[in-house]
Protein chains: 2
Amino acid sequence: MPNNSKFELEAKYFQDMPVYWLVRQLADRWSLPVIAELCRGTQRFLELKRALEPVSKRMLTLTLRRLMAAGFVERHMQDTNPPQVSYALSPLGHSLGEALKSLNAWTKLHHATFAAALKRDQRASDQDL
Amino acid sequence: MPNNSKFELEAKYFQDMPVYWLVRQLADRWSLPVIAELCRGTQRFLELKRALEPVSKRMLTLTLRRLMAAGFVERHMQDTNPPQVSYALSPLGHSLGEALKSLNAWTKLHHATFAAALKRDQRASDQDL
DNA sequence: CTGTATCCAGCAAGATACTG
DNA sequence: CAGTATCTTGCTGGATACAG
């Protein structure tokens, strides 16, 4: 009987470290790219998909649903034919975007260090070839 | 021929969004708990392990090695018998701790929203039982 | 005390095909 | 256009045993 919540045994970190939950929520392949793209403005499903190439429709849908569940993204649809669905950041989502911008600024300050770590990472994988 | 770097196809995000790399680096099960624990001061391997129960020796070692590779953690050993190894945050690691504290503060501001999202998450998993 | 080696289950996510 | 359904694979991380 599998448990869908990957946070099952990690509850103790939620009290003092909600950032733990936030980071794990945002750490999948597409969440941050989607948020970054939506920071530029409301976009329709296919616009998003094209902007985030090579994302698949499936992964884009899953990512958007998760971001909606967390309250970061809103979905608006007009039931025309063909259907039109657009996605936008919620106020909370915009706030998150700003918070991430701050963290991004911090990261850029130490860019040299991270570039070195990244290069090590890549070289390590090169050795596998 | 597997590629160990999970960042292989994601290089385009490193230029404008180093935070993408950072978040993915910190999003595993134990990185943030280890950093939080080391924020309280230098600690030896077993101290860390006990503080982070129920982490395994294997996962603690892997996590520490990754944090060292990223430059966040330093390792100091005296080759006595039995061996003594202690871990501490590097200056960069302390700086990261501060940055995370800020993000944590932002997260706490919106705690109600996240608590609701978390509850949905847990209820969704409860329905599996 | 401080790790490494090995094995294994479960989940994230890509490929592909199908749908209203 | 905007998705869902199904199948598959690699990686993360836990359990356990062994080692300097």
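Within every chain, numbering begins at 1; the chains are lettered A, B, ... in the order of the sequence lines, protein sequences first and strands thereafter. This structure is a prediction, so every number in the text was calculated from the model and none was measured.
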Fill in: salt_bridge(B/Asp28, B/Arg66) N-O dist < 4.0 Å
yes
Interatomic distance, CG@B/Leu38 vs OH@B/Tyr87, rounded to 0.5 Å, equals 10.0 Å
- Message: Working note: B/Leu48 + B/Arg44, criterion side chain to side chain contact (heavy atoms under 4.5 Å, CB included); need CA distance, chi angles, decisive distance, verdict.
- Response: CA-CA 6 Å; B/Leu48 268 179; B/Arg44 295 179 51 188; over 6 Å; no
**Prompt:** Any side-chain N or O of B/Tyr87 under 4.0 Å from OP1/OP2 of C/dG3?
**Reply:** yes
Here the residues of residues 73-85 of chain B within 4.0 Å heavy-atom distance, strictly under, of DNA chain D are B/Pro83
When A/Trp30 and B/Ser86 are each assigned the nearest nucleotide of DNA chain C, the 5'-most assignment goes to B/Ser86
Ranking D/dG13, D/dG3, C/dG3 by distance to the side chain of B/Lys57, first place goes to C/dG3
Practice item. Would you indicate, yes or no, if C/dT2 has its OP1 or OP2 atom less than 4.0 angstrom from a side-chain nitrogen or oxygen of B/Arg50? Key: no
Taken to the nearest 0.5 Å, the spacing of B/Glu37 CD from B/Gln43 CD works out to 4.5 Å
By nearest-heavy-atom nucleotide on DNA chain D, the more 5' of A/Leu62 and A/Leu46 is A/Leu46
| field | B/Asn104 versus B/Thr107, side-chain donor and acceptor atoms under 3.5 Å | value | no
Quick note, B/Arg29 side chain, CB onward, closest among D/dA2, C/dG14, D/dG13 is D/dG13
Strictly below 4.0 Å, N to O, side chains only: are B/Glu47 and B/Arg50 in salt-bridge contact?
no
Practice problem: Under 4.0 Å between any heavy atoms, over every strand shown, what does A/Arg58 touch: base, sugar-phosphate, or nothing? Just pick one. | Solution: base
